[in-house]
Amino acid sequence: MLDLKDITLHYGHSQILRGISLQAAVGEVTCVMGCNGVGKTSLMKAITGSHPRSGGEMMLDGEELGVLPSHALAQKGIAYVPQGRDIFPLLTVRENLETGFACLPKDEHFIPDHIFELFPVLKEMINRRGGDLSGGQQQQLAIARALITKPKLLVLDEPTEGIQPNIITQIGEVIKLLRDQGEMAIVLVEQYFDFAYGLADRFTVLRRGEVVLAGTKVEVSRDALLEGVSV
């Protein structure tokens with residue numbers, strides 16, 4: 001579904017990503033790992049168009065994509081749940097979900113029942129403002145809003161950050177279900193090692209903006225992965 005080749009990215013004169021290649025297949029979770037500051041979030045921004053990449057090729061579902069803005073990539077089928085969630089605090093849960101309609105044709109402007117099956121708490125709080133939700137509930141809202149767009153590729157940046165353990169478990173179950181449905185590819189940035197290792201089918205480890213380890217769970221041992229993500 002997603003194929004990156006030699007992706008580079010700069011902030012001003014500073015080069016952050018150096019020739020990153022990565023694949024993410026439908027029905028799989030590809031986990032991007034590494035210490036703070038190695039370029040994980042920058043890679044997610046390059047994939048989703050939040051920050052334009054400087055070079056390299058990106059293909060989605062067999063289509064080569066130029067350097068497109070985030071709204072154009074969203075319409076191509078890339079959904080992004082950023083670090084920090086970025087929900088709209090003054091909008092209700094319903095209104096936050098409805099912002100996903102921008103990527104859909106008019107006759108699909110409704111909230112599917114399966115969104116509330118995945119996240120029952122959102123149905124209970126449908127008329128509450130986003131800013132009144134707990135951190136874990138806001139994370140569920142951010143993922144649900146991304147799913148409204150019916151993505152081909154779901155990009156999750158640190159979904160467990162600052163979240164209580166019971167919600168982490170629920171989010172993990174949702175990611176497993178989405179993977180097993182086999183309708184999308186999932187790219188996950190995660191520093192919670194056990195959570196990432198339990199979910200991932202494929203790993204890419206970054207260090208100083210470069211790939212230092214990559215492969216499937218069969219190809220990459222747990223010990224090698226731990227060593228790769230250590231400072």
Cluster question for you: counting only ILVMFWY and a side-chain heavy-atom cut-off of under 4.5 Å, with indirect links fine, are [X] and [Y] together?
X	Y	value
Val32	Tyr80	yes
Leu147	Leu2	no
Val187	Ile7	yes
Leu97	Phe101	yes
Leu141	Leu91	no

Give, for atom [atom1] of [X] and atom [atom2] of [Y], the distance between the pair rounded to the nearest 0.5 Å.
X	Y	atom1	atom2	answer
Ile186	Lys176	CD1	NZ	12.5 Å
Gln75	Ser70	CD	OG	10.0 Å
Leu154	Leu188	CG	CG	9.0 Å
Gln139	Gln170	CD	CD	12.0 Å
Glu190	Asp157	CD	CG	9.0 Å
Thr160	Asp194	OG1	CG	11.0 Å

Might you point out which heavy atoms bring [X] and [Y] nearest each other, and give the distance in Å?
X	Y	result
Ala146	Ala79	O-CB, 3.6 Å
Ala72	Leu68	CB-CB, 4.1 Å
Met58	Ala46	SD-O, 4.5 Å
Leu206	Val212	C-CG2, 4.4 Å
Pro151	Met184	O-CB, 3.7 Å
Leu73	Gly49	CD1-N, 3.4 Å

Summary of side-chain hydrogen bond (donor to acceptor under 3.5 Å, both in side chains) pairs that have at least one residue in residues 95-104, sequence neighbours excluded: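 For residues 95-104: Thr92-Glu95.
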Sequence neighbours left out, what pairs pass side-chain hydrogen bond (donor to acceptor under 3.5 Å, both in side chains) with at least one residue falling in residues 103-119?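 Residue pairs passing side-chain hydrogen bond (donor to acceptor under 3.5 Å, both in side chains), neighbours aside: Glu108-Lys150.
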Kindly check if the number of other-residue, nucleotide or ligand heavy atoms within 6.0 Å of NZ (Lys217) is above 12? yes
So, does [X] use its side chain to make a donor-acceptor pair with the main chain of [Y] at under 3.5 Å?
X	Y	answer
Thr149	Arg145	no
Arg207	Gly34	no
Gln15	Leu17	yes
Lys5	Met59	no

Please output the side-chain donor-acceptor pairs of residues 126-134 that fall under 3.5 Å, not counting sequence neighbours, one pair per line with the distance.
residue, atom, partner, partner atom, Å
Ser134, OG, Gln137, N, 3.2
Ser134, OG, Gln137, OE1, 3.4

Check whether any side-chain heavy atom of [X] sits under 4.5 Å from a side-chain heavy atom of [Y], and report yes or no.
X	Y	result
Leu43	Leu22	yes
Leu156	Ile171	no
Glu183	Val26	no
Leu225	Phe193	yes
Pro159	Ile168	no

Apply side chain to side chain contact (heavy atoms under 4.5 Å, CB included) to Met44 and Gln83, showing your working. CA-CA 10 Å; Met44 300 307 103; Gln83 191 176 19; over 6 Å; no
Please identify each residue that fulfils salt bridge (Lys or Arg N to Asp or Glu O under 4.0 Å) with Lys45, with sequence neighbours left out.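 In terms of salt bridge (Lys or Arg N to Asp or Glu O under 4.0 Å), with neighbours along the sequence ignored, Lys45 is linked to no residue.
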Would you mind listing every ring pair (Phe, Tyr, Trp, His ring centres under 6.0 Å) that reaches into residues 38-79, with sequence neighbours excluded? Tyr11-His51
Verdict with reasoning, Val93 to Phe119, per side chain to side chain contact (heavy atoms under 4.5 Å, CB included): CA-CA 12 Å; Val93 168; Phe119 304 109; over 6 Å; no
Run the numbers on Tyr197 and Leu226 for side chain to side chain contact (heavy atoms under 4.5 Å, CB included), then give the verdict. CA-CA 10 Å; Tyr197 191 79; Leu226 273 169; over 6 Å; no
Would you tabulate the side-chain donor-acceptor contacts of residues 198-205 under 3.5 Å, counting partners in other chains and residues two or more places apart, or write 'none'?
residue, atom, partner, partner atom, Å
Asp201, OD2, Val29, N, 2.7
Arg202, NE, Glu28, OE1, 3.4

